[in-house]
Number of protein chains: 2
Amino acid sequence: MNQITKNDIEILQKTTLFLNMSEAEIREMLDCLNARKTTSLKNTMLLHYGDFCDSIGIVLHGTLHITREDFWGNSTLIAQCVPGDIFGETYAMSPNHIFEVNVTAITDSEILFLQLGKILSVCSTACTFHNRLIQNLLQAMASRNYLLSKKIEHITKRSTRDKLLSYLSNESRLAKSADFTIPLNRQQLADYLAVDRSAMSAELCRLRDEGILSFHKNEFHLYDVY
Amino acid sequence: MNQITKNDIEILQKTTLFLNMSEAEIREMLDCLNARKTTSLKNTMLLHYGDFCDSIGIVLHGTLHITREDFWGNSTLIAQCVPGDIFGETYAMSPNHIFEVNVTAITDSEILFLQLGKILSVCSTACTFHNRLIQNLLQAMASRNYLLSKKIEHITKRSTRDKLLSYLSNESRLAKSADFTIPLNRQQLADYLAVDRSAMSAELCRLRDEGILSFHKNEFHLYDVY
DNA sequence: CCTGATTTGTTGTAAATACAACAGAATTGT
DNA sequence: ACAATTCTGTTGTATTTACAACAAATCAGG
């Protein structure tokens, strides 16, 4: 079993799950959660489709790719996980605990696994932070849910134009202002909205020319016209 | 305060949250969760963007529409809720508890609200089913998460063809067979994949003609060709 | 069995999008 | 300051998709 370092703890302290807990508190929790720290070398698959999985993973170092293969064997990237990210909680919470994606380390990586069953049952040592942890886990899942719903909302729109307006409208709302800065560059935005970058770029300019919005780099402004 | 009827309990018993609990157990829980049953008349908005919301809703009767308005005031349907469905858990679990969508009763409806804070803190009466409820809530959120992720996976594909193959490939996997029946008709599938029905129908036939799959009504078969 | 309603497939056309290739702007590292 | 690299916008073309309108098939009820 690998030792959990002070550095690891610092990473955990930045995760939703252990936010604002002290090192001592976290170490107590890890004990209680039957934490296992594992290492995966570059380009090795650490979790496979069909694996039994009752634990959630937290990336400590490195980068993981979550992928899925279709009927014909074509692989698609679903998510990329970097230090601090949680993965597998959906499958760990599913009734049969069967993992339905592949997880591959694309660099040498360290991952911490926490046994979810231990989180759910009140632990015998009745550690003080148990409730906090449950609350944090629920919050993390709610937050993921929120992000997924938002993405679906944008991506479901039929045209590139409507996808852009849906996304920008939401960013404006977040900023509570018609002026706002988006955190994605053009390529990232195109990937997020599942459209072609150059076509999207052209559409943005059309929206600008029609006086619906204006932008300079990543700063946008929406005009209240109708 | 409206009375919770035996009929209401029967609906609750079919929800993920209270699955397999007895009437007595549920009534004890409801007390502990500060449950409020409310009535909404047809076409009234019962929750608004910006409302404070620390409770999750369960539909007992009627139909609700969850919608969102964009910057310019255009409204989009996000989800439809029918008896047994849970809603609002994402916002109830968010840090600031601010509701970001609108909920409208489109028929006369009855809704049960459960105060989420009560779920999270171990209740003073230490009711036996508290842990079960937390576990069920986590499972419900995981399950929603799973569905959202799946949808994103399909819908992110650039062409109608790839969306179809992604969806059908997954259904085949669920059925553990190259033969399977899908639970959606053509219009529903088109809506789910965010494409035009007739274009999708045409694409399905093209896939059939190319020998990639075959179908009869909602029964499909995928061919293992390359 | 018949009728009307619903679902599914078909086709042509207009519109939107992807794709490819490139030019200019901005950024980074030296 | 310069070169190399990345990012963004532009344009033309081929492809894909939406849309509309309709035909065929299927379904539901009387």
Side-chain angles (χ1 to χ4, degrees), chain A residues 70 74 76-77 80 151-169 171 179-223, chain B residues 70 74 76-77 80 151-169 171 179-223:
Chain A
D70 72 10
N74 310 306
T76 318
L77 178 67
Q80 170 167 309
K151 177 160 180 170
I152 286 184
E153 199 183 324
H154 303 321
I155 229 175
T156 299
K157 297 286 159 70
R158 297 299 175 80
S159 64
T160 301
R161 164 172 292 229
D162 285 346
K163 288 179 186 178
L164 278 169
L165 292 178
S166 177
Y167 173 79
L168 294 172
S169 189
E171 288 296 305
D179 287 294
F180 53 93
T181 303
I182 67 170
L184 306 173
N185 67 28
R186 297 293 188 272
Q187 184 61 64
Q188 291 168 329
L189 180 56
D191 289 343
Y192 177 76
L193 297 178
V195 296
D196 177 71
R197 182 198 58 79
S198 70
M200 185 193 77
S201 194
E203 191 62 50
L204 271 176
C205 294
R206 240 170 279 141
L207 285 163
R208 165 175 31 72
D209 296 343
E210 293 176 26
I212 292 166
L213 52 76
S214 61
F215 59 88
H216 173 66
K217 296 201 265 188
N218 289 7
E219 292 156 27
F220 287 77
H221 177 88
L222 302 185
Y223 292 104
Chain B
D70 71 9
N74 310 306
T76 318
L77 178 67
Q80 170 168 310
K151 177 161 180 169
I152 287 183
E153 198 182 325
H154 304 320
I155 229 174
T156 299
K157 299 285 160 66
R158 295 300 176 80
S159 65
T160 300
R161 165 173 291 230
D162 285 346
K163 288 178 187 179
L164 277 169
L165 292 179
S166 176
Y167 173 79
L168 294 172
S169 190
E171 289 296 305
D179 287 294
F180 53 95
T181 303
I182 67 170
L184 304 175
N185 67 27
R186 296 292 187 274
Q187 184 61 63
Q188 291 168 329
L189 180 56
D191 288 343
Y192 177 75
L193 296 178
V195 296
D196 176 72
R197 181 199 59 80
S198 71
M200 185 193 78
S201 193
E203 190 63 50
L204 271 176
C205 294
R206 240 169 278 141
L207 285 164
R208 166 176 27 76
D209 297 344
E210 291 175 29
I212 294 167
L213 52 79
S214 60
F215 58 89
H216 173 66
K217 296 201 263 186
N218 288 7
E219 292 156 28
F220 286 77
H221 177 88
L222 302 186
Y223 291 105

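We name chains A, B, ... by the order of the sequence lines, and we start the count at 1 in each one.
Atoms OG and CD, on Ser159(B) and Glu203(B) in that order, are 7.0 Å from each other to the nearest 0.5 Å.
Annotation for Leu204(A) and Phe220(A): closest pair CD2-CE2, 3.8 Å, computed over non-hydrogen atoms. Ser169(B) approaches Leu222(B) most closely through the heavy-atom pair CA-CD1, 3.9 Å. Closest approach of Asp196(B) to Ser198(B), counting heavy atoms only: OD2-OG, 2.7 Å. Between Ile155(B) and Leu193(B), the closest heavy-atom pair is CG1-O, 3.6 Å. Closest non-hydrogen pair, Ala190(A) versus Arg197(A), comes out as CB-CA, 3.6 Å. The heavy-atom pair separating Asn185(A) from Gln187(A) by the smallest distance is OD1-N, 3.1 Å.
Residues of residues 152-168 of chain B that place a heavy atom closer than 4.0 Å to DNA chain C do not occur.
We find that CG of Leu184(A) is positioned 17 Å from C1' of dT6(D), with the value rounded to whole Å. In this entry the distance linking CD1 of Ile182(B) with C1' of dT7(C) reads 13 Å, nearest Å. When the P atom of dA14(D) is taken as reference, atom CG of Asp196(A) falls 17 Å away, rounded to whole Å. With rounding to whole Å, Leu193(A) atom CG is found 14 Å from dT17(C) atom C1'. The CE-P distance, from Met200(A) to dG9(D), rounds to 8 Å in whole Å. Protein atom CD of Gln187(A) is 12 Å distant from nucleotide atom P of dA18(C), rounded to whole Å. Leu204(B) places its CG atom 16 Å from the C1' atom of dT16(D), with the value rounded to the nearest Å. The CD atom of Glu203(B) sits 6 Å away from the P atom of dT17(D) (whole-angstrom rounding).
A salt bridge links Arg161(B) with Glu210(B); the closest basic N to acidic carboxylate O contact falls under 4.0 Å.
Closest to the side chain of Val195(B), out of dA18(C), dT10(D), dA18(D), is dA18(D). The side chain of Ser198(B) has dA20(D) as its nearest neighbour among dA20(C), dA20(D), dA18(C). In this structure, the nucleotide among dG9(D), dT8(C), dT10(C) sitting nearest to the side chain of Arg186(B) is dT8(C).
Between the Ser166(B) side chain and the Asp162(B) main chain, no donor and acceptor come within less than 3.5 Å of each other. Under a 3.5 Å cut-off, the side chain of Arg208(B) and the backbone N or O of Phe215(B) do not form any donor-acceptor pair.
Asn185(B) comes within 4.0 angstrom of the backbone, heavy atoms only, and of no base.
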(Q) Working note: Lys217(B) + Arg186(B), criterion side-chain contact (heavy atoms from CB on, under 4.5 Å); need CA distance, chi angles, decisive distance, verdict. (A) CA-CA 9 Å; Lys217(B) 296 201 263 186; Arg186(B) 296 292 187 274; 5.9 Å; no

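In this structure, Arg206(B) and Thr160(B) have side chains that are not in contact, with every pair of non-hydrogen atoms separated by 4.5 Å or more.
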Please list, pair by pair, any protein nitrogen or oxygen found under 3.5 Å from a nitrogen or oxygen in nucleotides 22-27 of chain D.
from	atom 1	to	atom 2	distance (Å)
dC27(D)	OP1	Lys217(B)	NZ	2.7

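For the helix from dC1(C)-dG30(D) to dT30(C)-dA1(D), the terminal axes (five pairs an end, C1' atoms, rotation from four pairs onto the next four) enclose an angle of 60°, given to 10 degrees.
Of the two residues near DNA chain C, Ala199(A) and Gln188(B), the one whose nearest nucleotide lies more 5' is Gln188(B).
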